[in-house]
Amino acid sequence: MNTVTLRAGPVVVRAERRTVAVSSGLVAVAAVLALVALCYGQAWASPAEVFTALTSGGGESSFVIREWRLPRVTAALVFGASLGLAGAIFQNLTRNALGSPDVIGLDAGAYTGALVAITMLNGTAGQLAVGSVTGGLLAAAVIYLLSLDSGLSGLRLIVIGIAVNAMLTALNSWIVLRAEIDVALAATGWNAGSLNGIDWAEVRLPFAIVALLVLLLVVLSNAMHQAALGDEIARTTGVRLGRLRLLMVLAGVGCTATVTAVAGPVVFIALAAPQIGRRLARAAGVPLVPAALTGAVLLLAADLVAQLLLAPVALPVGVVTTAIGGCYLIWLLGMEVKRSG
């Protein structure tokens with residue numbers, strides 16, 4: 001048998017053995033990176049000190065580890081996994097490696113909604129969350145309506161998404177330029193995508209939202225597997241494709257917008273993590289679990305690099321992911337052109 005069956009109450013999930021093995025390996029890598037990140041800081045802490053801080057606490061170093069470093073590390077893992085899931089959802093829907101939220105304009109749309117909340121409202125956490133989700137959904141609706149001829153798959157949707165992304169980026173620049181100087185500076189810095197200074201109060205609600213979206217995807221996992229085999233097969237097994245795709249779009253936009261509302265647009269992770277996870281698992285489609293775990297590893301590693309490059313000054317993690325993502329996007333575009341030719 002090449003598959004493993006996992007049961008959680010009424011939900012049954014079947015996974016390839018290699019996918020399970022790769023996922024276990026990625027969990028181990030994430031655990032090692034998390035330990036290094038908890039140890040690293042202005043004052044280096046030993047693994048024993050980290051263990052003591054997480055289990056019993058007490059002392060100034062334990063406070064720093066639990067209240068400063070742990071929220072940042074946890075946010076990197078959860079947000080990276082969320083972006084990896086969002087990328088996998090849209091790459092499965094479009095059946096294209098370029099079908100990523102940061103390529104087809106969903107990140108830019110979520111940022112537009114957040115900018116409206118910052119510049120026209122009070123910019124509270126709730127307003128940022130609602131604005132990001134609304135902006136992402138509106139961007140997704142526009143892209144879908146403009147690409148009705150090809151449905152949710154094909155290069156046409158990708159090209160339209162890139163065009164919408166460019167227009168939204170221009171709109172975002174205009175909003176920032178029209179804002180008051182202090183608001184514009186805050187919005188521009190936030191646009192870089194950063195985990196600097198994040199604390200538990202900022203991440204509790206986003207973590208709960210991501211958990212609900214993951215639960216939704218677990219419930220939809222069997223239907224998604226059937227849909228990956230083809231529309232005809234999915235219909236014969238009773239899958240309602242219209243409803244399934246709508247729920248997948250809502251989950252993908254929710255994952256992207258939740259991260260954008262807290263950390264700003266963090267590019268590259270949603271684009272690269274699903275494809276790296278797919279190649280590691282050697283899967284025909286884009287499996288969600290390897291994509292999520294790869295996203296968590298990539299974002300945590302990028303955040304570590306951002307802290308180390310100009311230490312003691314911590315760069316926004318988006319600077320690192322953008323630099324790496326540019327090279328990856330050039331390579332991926334070359335592969336897509338070669339495949340199309």
Side-chain angles (χ1 to χ4, degrees), residues 82-119 131-177 187-188 190-193 248-261 263-275 295 316 318-319 321-337 340:
S82 182
L83 292 172
L85 283 173
I89 288 169
F90 285 104
Q91 288 177 15
N92 275 318
L93 282 171
T94 61
R95 297 174 186 173
N96 193 304
L98 291 174
S100 170
D102 43 6
V103 173
I104 63 175
L106 301 186
D107 271 13
Y111 181 46
T112 303
L115 277 179
V116 171
I118 292 173
T119 57
S132 296
V133 173
T134 303
L137 287 174
L138 288 175
V142 169
I143 294 166
Y144 177 72
L145 290 174
L146 291 174
S147 57
L148 277 178
D149 291 343
S150 60
L152 280 172
S153 61
L155 189 60
R156 176 186 172 90
L157 183 143
I158 306 300
V159 174
I160 290 173
I162 292 173
V164 171
N165 186 37
M167 290 187 288
L168 286 173
T169 300
L171 174 62
N172 293 340
S173 298
W174 180 81
I175 293 174
V176 171
L177 289 172
T188 302
W190 185 66
N191 184 39
M248 289 175 67
V249 168
L250 290 175
V253 172
C255 287
T256 300
T258 300
V259 177
T260 302
V266 180
V267 299
F268 166 67
I269 304 297
L271 174 68
Q275 292 302 309
V319 173
T321 61
T322 300
I324 301 172
C327 301
Y328 177 83
L329 185 57
I330 291 173
W331 174 81
L332 191 58
L333 284 170
M335 293 292 291
E336 286 295 311
V337 170
S340 300

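In this text the structure is predicted, and so the values were computed from the model without any measurement. Residues take their numbers from the sequence shown, with the count starting at 1.
Residues satisfying the side chain to side chain donor-acceptor pair (under 3.5 Å) test with Asp102, not counting sequence neighbours, are Ser100.
Considering only heavy atoms from C-beta on, Ile104 comes within 4.5 Å of Ile158 through its side chain. The shortest side-chain heavy-atom distance between Asn191 and Pro265 falls under the 4.5 Å cut-off.
Taking every heavy atom of both residues into account, Leu146 and Ile160 meet most closely at O-CD1, 3.1 Å. Across all their heavy atoms, Leu271 and Ala97 have their closest contact at CD1-O, 3.6 Å. Residue Ala139 comes nearest to Gly105 through the heavy atom pair CB-O, 3.8 Å, listed as atom of the first residue, atom of the second, then distance. Taking every heavy atom of both residues into account, Leu85 and Cys255 meet most closely at CB-SG, 4.5 Å. Scanning all heavy atoms of the two residues, the minimum distance from Ala140 to Val253 falls at CB-CG2, 4.3 Å. The minimum heavy-atom distance between Val266 and Ile269, with the atom names listed, is CG1-CG1, 4.2 Å.
Between the Asn172 side chain and the Leu168 main chain, a donor and an acceptor come within less than 3.5 Å of each other. A donor-acceptor pair under 3.5 Å is absent between the side-chain atoms of Thr256 and the main chain of Asp107, judged by distance alone. Side-chain atoms of Thr322 never come within 3.5 Å of backbone atoms of Val319 as a donor-acceptor pair (strictly under, hydrogens ignored).
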Exercise. Checking side-chain contact (heavy atoms from CB on, under 4.5 Å) for the pair Tyr111/Leu171: CA distance, chi angles, key distance, verdict?
Worked result: CA-CA 10 Å; Tyr111 181 46; Leu171 174 62; over 6 Å; no
Exercise. Run the side-chain contact (heavy atoms from CB on, under 4.5 Å) check on Leu137 and Leu250 step by step: do they pass?
Worked result: CA-CA 8 Å; Leu137 287 174; Leu250 290 175; 3.6 Å; yes
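Atom CG of Leu106 sits about 11.0 Å away from atom CG of Leu138, to the nearest 0.5 Å. Interatomic distance, Leu93 CG to Gln91 CD, rounded to the nearest 0.5 Å: 10.5 Å.
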